[in-house]
Number of protein chains: 4
Amino acid sequence: MGSTAREGEPKARRGDTRQRIQDVALELFAERGYEKTSLREIAEQLEVTKAALYYHFKTKEDILLSLFQDLGQPLDELLAWGTEQPRTLETKQELMRRYSAALNKAAPLFRFMQENQATVRELSIGQIFKDRMFAMSHLLREPDAPLSDQVRCVTALFSLHAGLWALQTIEGDPEDKRKAALEVALDLVTQAHMGQ
Amino acid sequence: MGSTAREGEPKARRGDTRQRIQDVALELFAERGYEKTSLREIAEQLEVTKAALYYHFKTKEDILLSLFQDLGQPLDELLAWGTEQPRTLETKQELMRRYSAALNKAAPLFRFMQENQATVRELSIGQIFKDRMFAMSHLLREPDAPLSDQVRCVTALFSLHAGLWALQTIEGDPEDKRKAALEVALDLVTQAHMGQ
Amino acid sequence: MGSTAREGEPKARRGDTRQRIQDVALELFAERGYEKTSLREIAEQLEVTKAALYYHFKTKEDILLSLFQDLGQPLDELLAWGTEQPRTLETKQELMRRYSAALNKAAPLFRFMQENQATVRELSIGQIFKDRMFAMSHLLREPDAPLSDQVRCVTALFSLHAGLWALQTIEGDPEDKRKAALEVALDLVTQAHMGQ
Amino acid sequence: MGSTAREGEPKARRGDTRQRIQDVALELFAERGYEKTSLREIAEQLEVTKAALYYHFKTKEDILLSLFQDLGQPLDELLAWGTEQPRTLETKQELMRRYSAALNKAAPLFRFMQENQATVRELSIGQIFKDRMFAMSHLLREPDAPLSDQVRCVTALFSLHAGLWALQTIEGDPEDKRKAALEVALDLVTQAHMGQ
DNA sequence: CATGAATGAGCATTCATTCAT
DNA sequence: TATGAATGAATGCTCATTCAT
C-alpha cells in the first residue's frame with residue numbers, strides 16, 4: 001500500500017514507524033487476540049527490535065489505546081452530532097446509517113473489540129468503549145418505551161457490530177451483507193419507534 | 001453445605017474434585033478470560049496444587065473442552081431435534097424458544113464464548129462452536145431467500161447470545177429482558193418467513 | 001562445610017534447595033550488591049533454573065527478606081531482652097557485648113545492609129532495619145543527656161557495624177579487631193554514662 | 001537563583017548544562033542510589049534528551065566520576081596539607097576539624113558514597129575513595145600503637161561520615177549534631193594519642 | 001488422589017549506549 | 001549543542017507442563 005513511488009527503498013521509511021507499528025499491531029491483535037500477540041511478533045514483522053516499539057509507545061496497552069483513539073474518533077464525532085439532533089425517527093435512522101459506515105471503515109478494530117471483550121474489559125479502553133455503546137444506545141431508545149422496543153434498538157445497534165463477523169455464515173458479497181444488515185437494523189429501529 | 005452427616009471430613013469432599021475444578025475454571029474463564037486465568041489461580045481458589053489439576057485434566061485446554069462438552073450437550077440435542085422436524089415457521093419458532101432456554105442455563109459458558117472468540121478460535125473448540133452456529137443458522141434460514149431475510153435469521157440467533165451481556169445497557173429484571181429478547185428474535189424469524 | 005559423608009552425590013541434595021538459594025544469594029548480594037546480582041546469576045551458580053527460585057520465593061525481594069528474618073532474629077531477641085532489663089550501665093555494656101557477638105555471626109548480612117543502604121531503603125526491610133537501629137539506640141542513650149553523650153552512644157553502636165568493614169584499613173586478626181572495636185564501643189557507652 | 005539580569009530567557013540558561021546535569025545526578029544518586037537512577041530520569045528532570053547527556057559525559061559512570069573529582073578535591077588538598085605537618089596531636093585535631101568541615105560541604109556526595117558502597121566498589125572511583133580513606137587513616141593513627149587506639153582513630157574518622165545519616169535517630173539541629181560528632185571524634189583521637 | 005520440586009519457553013519492560021542529522 | 005530513532009542485552013517474573021514419590 002502506498003501507491004506513490006518512493007526513492008531509495010532499502011529502508012524506504014522515516015517518520016512512519018509509529019504508523020507502521022499501529023498497522024501491524026492492529027492486524028495481529030485482530031487476528032490472534034491481544035494476549036496472544038507478543039511484542040516480539042510485532043517487532044519481528046516490522047524488522048525492528050522490541051525496544052523500538054518502546055520508543056514510540058509506553059506500553060503494549062498504549063499501542064491498543066492509540067489505535068482506539070485514532071480509529072474511534074469518527075464515532076465520537078457521530079455521537080456528538082447525534083446529541084444535537086432532535087430525537088426523531090429520521091435522526092435515529094441517519095444515526096444508524098452513519099454508524100454502519102463508520103464501523104465499516106474501522107472494521108478490524110471493531111472486530112477486535114468484539115472478539116476480545118474479556119481482555120478489553122480489564123484494559124483502560126474497556127470503560128471508554130462501554131460508555132460509548134451506552135451513549136449510542138441512549139440516542140436510539142426511549143427509556144419509557146416497552147422493554148421489547150428497547151431491546152429492538154439495542155439489537156439493531158449490536159447487529160451492525162455483529163455483521164462484521166457473524167454473517168460469515170452466509171455467503172455473499174461483504175458490501176451486500178453490510179447493506180442487508182443495515183436494512184434490518186433500520187427496520188428494527190423503525191418498528192421500535194412505531195411501537196410507541 | 002452438605003446436609004448429610006459425614007464422618008472424618010478433614011476436607012469434607014471426595015470424588016467431586018473434577019466437578020469443582022470445572023466450576024471454578026468456568027467462573028474464572030468467564031470473569032477474566034481464558035488467557036488471563038492461570039492454572040495457579042484455579043488451583044489456589046480450590047486449595048489444591050496445580051499438579052492436582054493435571055490428574056483430572058490433560059491440559060488447560062482440556063478443562064475448557066470438558067466444559068464445552070458437558071454444558072453444550074443440550075444444544076447438540078436441540079440441533080438433532082431440529083433436523084428431524086419439518087421446516088415450518090412453527091418449528092423455527094420453537095427452535096428459538098428452546099435455544100433461548102438452553103442458552104440461559106449455560107449462560108456463563110456462552111458469555112465466555114462470546115467474549116473470548118479470538119482465543120477460542122485458535123482452540124479445538126473453536127471449530128466445533130462455529131459448526132454448531134452454522135448448523136443452527138441453516139435450520140432457520142432459507143438459502144434462496146432474500147439476503148435481508150437471511151440476515152434477519154442470523155441476527156435473531158445472534159441477539160439471543162447478545163442478550164447475555166449487551167442488554168446490560170438496559171435496566172430491568174434479567175428474566176424480563178431474556179423474554180423481551182426472545183420476543184424480538186421470534187419476530188425477526190417470523191418476518192423472515194413472511195418475506196418469502 | 002558439610003562434614004558428614006553423603007551417598008550418591010550426583011545431585012546429593014533434596015529438601016535443602018531453599019537454604020542453598022539463601023546461601024548463594026547472600027554471598028552474591030554481599031559481594032556485588034543487590035541490584036547488580038541477578039536471579040540468573042544465582043540460579044546459574046546453583047545449577048537450577050530461574051523458575052526454580054520462584055518456586056521457593058515469591059520475588060527477588062522476598063529472598064532478601066527471608067535472609068533478614070532468619071539471620072536478624074537474634075537481634076530482635078536481644079532487643080526484647082534489653083527492654084526488660086534495668087537501664088543501668090551494666091545492662092548497656094552487656095547489650096553491646098551481645099550485639100557485637102550477634103553482629104559477628106551474621107556478618108555478611110550486615111555488611112550487605114551497610115553497603116547497600118540506598119537500595120535497602122526502598123525495600124520493605126529498610127523500615128524494619130531502621131526501626132531496629134532506632135530501638136537499639138534508645139536502649140543505650142538517655143534522651144535528656146547532653147547531645148555529645150547521645151552521639152557517643154550512637155557512635156558506639158555504629159562503630160560495631162563499621163567494624164565489619166571499615167577496619168579493613170588496619171591489618172590484624174579479624175577477631176582481635178572485633179574485640180578492639182567492642183572495647184572502644186564499651187568505652188564510649190561508659191563515658192556517656194559517666195557524663196550524665 | 002541567578003541574581004544577574006538575563007534577557008530573553010526562553011530557557012534561561014546557556015552554558016551551564018553540564019553543571020545542571022551534575023546537580024540533578026547527584027541529587028538522584030543520593031536519593032535513590034546509583035543503579036536505580038536511570039539516565040532517562042535525569043534527562044527528564046532536566047527536560048533534555050538522554051542523548052544530550054552523552055554530549056557532556058562519555059558514560060553514566062563518567063557523571064559520577066566528575067562529581068567525585070569536583071567535590072572531592074578539598075579532601076585531596078586536606079590530605080596534602082596533612083602530609084606536610086608534624087604528626088602531633090594538634091595536627092590530628094586540626095585534621096579532624098577540617099575534615100568535618102569539608103565533609104559537611106559535600107554532604108550529598110558522601111552520603112551517596114556511604115550508602116552505595118557495594119556499587120561504588122565496582123566502579124573506578126571505588127579504589128580512589130578507598131585510597132583516600134586509607135591515607136587519611138594513616139595520618140591519624142600510629143602503626144605500632146595498641147590495636148584499640150588504632151580503632152579509636154578509624155572510628156573517629158568514620159563517625160564523622162556516619163554523622164551524615166546515622167544521627168537521624170537523634171533529634172536536634174543538624175549543625176549542633178555535627179559539632180557534637182566532631183567533639184566525640186576529637187575526643188577519640190585525643191584518647192588514642194594519650195594511650196600511647 | 002495428590003503433592004513437591006522443577007523446567008523451558010516466553011513475556012513486557014528497562015537500560016546504557018550509539019549515531020546520523 | 002542538542003535531538004530523534006533505534007539497538008542489544010539484560011532483568012524480574014509467569015506460565016503450562018512434567019514426574020518421581
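Numbered from 1 within each chain, the chains take letters A, B, ... in sequence-line order.
Among the nucleotides dA16(F), dT13(E), dT7(F), the one closest to the side chain of A52(A) is dT7(F). Of the candidates dA2(E), dC13(F), dT18(F), dA2(E) carries the atom nearest the T49(B) side chain, counting heavy atoms from C-beta on. Among the nucleotides dG12(F), dA5(E), dC15(E), the one closest to any side-chain atom of Y55(C) is dA5(E).
L28(C) has its CG atom 12 Å from the P atom of dT11(F), to the nearest Å. Taking atom NZ of K60(D) as the reference point, atom P of dT14(E) lies 15 Å away to the nearest angstrom. With rounding to whole Å, E41(D) atom CD is found 13 Å from dA16(E) atom C1'. Here dC11(E) presents its P atom at 18 Å from CD of E61(A), a figure rounded to the nearest Å. The nearest whole Å value for the distance from the NZ atom in K58(B) to the P atom in dC19(F) is 14 Å. Residue E44(A) contributes atom CD, which lies 15 Å from atom C1' of dT7(F) at whole-angstrom precision. One atom, CD1 of I63(B), and another, P of dT17(F), lie 9 Å apart when rounded to the nearest Å. E35(B) has its CD atom 15 Å from the C1' atom of dA12(E), to the nearest Å.
Inter-residue side-chain proximity for L71(C) and F110(C) is flagged as unmet; no heavy-atom pair is nearer than 4.5 Å. Using a 4.5 Å cut-off on side-chain heavy atoms (C-beta onward), S124(D) and E61(D) make contact. When side chains are defined from C-beta on, E41(B) counts as touching S38(B), because their heavy atoms get closer than 4.5 Å. Within the 4.5 Å cutoff, the side chain of L123(C) has heavy atoms near those of the Y34(C) side chain.
If you find the closest nucleotide of DNA chain E to A51(D) and to L39(A), the one lying nearer the 5' end belongs to L39(A). Each of K36(C) and Y34(B) was assigned the nucleotide of DNA chain F with the nearest heavy atom; the assignment lying further toward the 5' end belongs to K36(C). Both H56(B) and R40(A) sit near DNA chain E, but only H56(B) has its closest nucleotide nearer the 5' end.
For the OP1/OP2 pair of dA5(E) and a distance below 4.0 Å, the side-chain nitrogens and oxygens of T17(C) include no atom meeting the criterion. Contact between the side-chain N/O atoms of Y54(C) and the OP1/OP2 oxygens of dT14(F) is not found at any separation under 4.0 Å. Remark: S38(A) is in phosphate contact with dC11(E), judged by side-chain N or O atoms under 4.0 Å from OP1 or OP2. Between T59(C) and the phosphate of dG12(F), there is no side-chain N or O to OP1/OP2 separation shorter than 4.0 Å.
Pairing for dG10(E) is with dC13(F), a Watson-Crick or G-U wobble pair whose two hydrogen-bonding atom distances lie under 3.5 Å. When Watson-Crick and G-U wobble pairs are counted only if both distances are under 3.5 Å, dT21(E) pairs with dA2(F).
A side chain to side chain contact (heavy atoms under 4.5 Å, CB included) with L67(C) is found for one member of I21(C), D23(C), L26(C), I125(C) and no other, namely L26(C).
When the P atom is used for both dT21(F) and dC1(E), the distance is 22 Å, rounded to whole Å.
Atom CD of E122(A) is surrounded by more than 12 heavy atoms from other residues, nucleotides or ligands within 6.0 Å.
Judged by distance alone, with hydrogens and angles left aside, K50(D) brings a side-chain donor or acceptor within reach of the base of dT17(E), the pair sitting under 3.5 Å.
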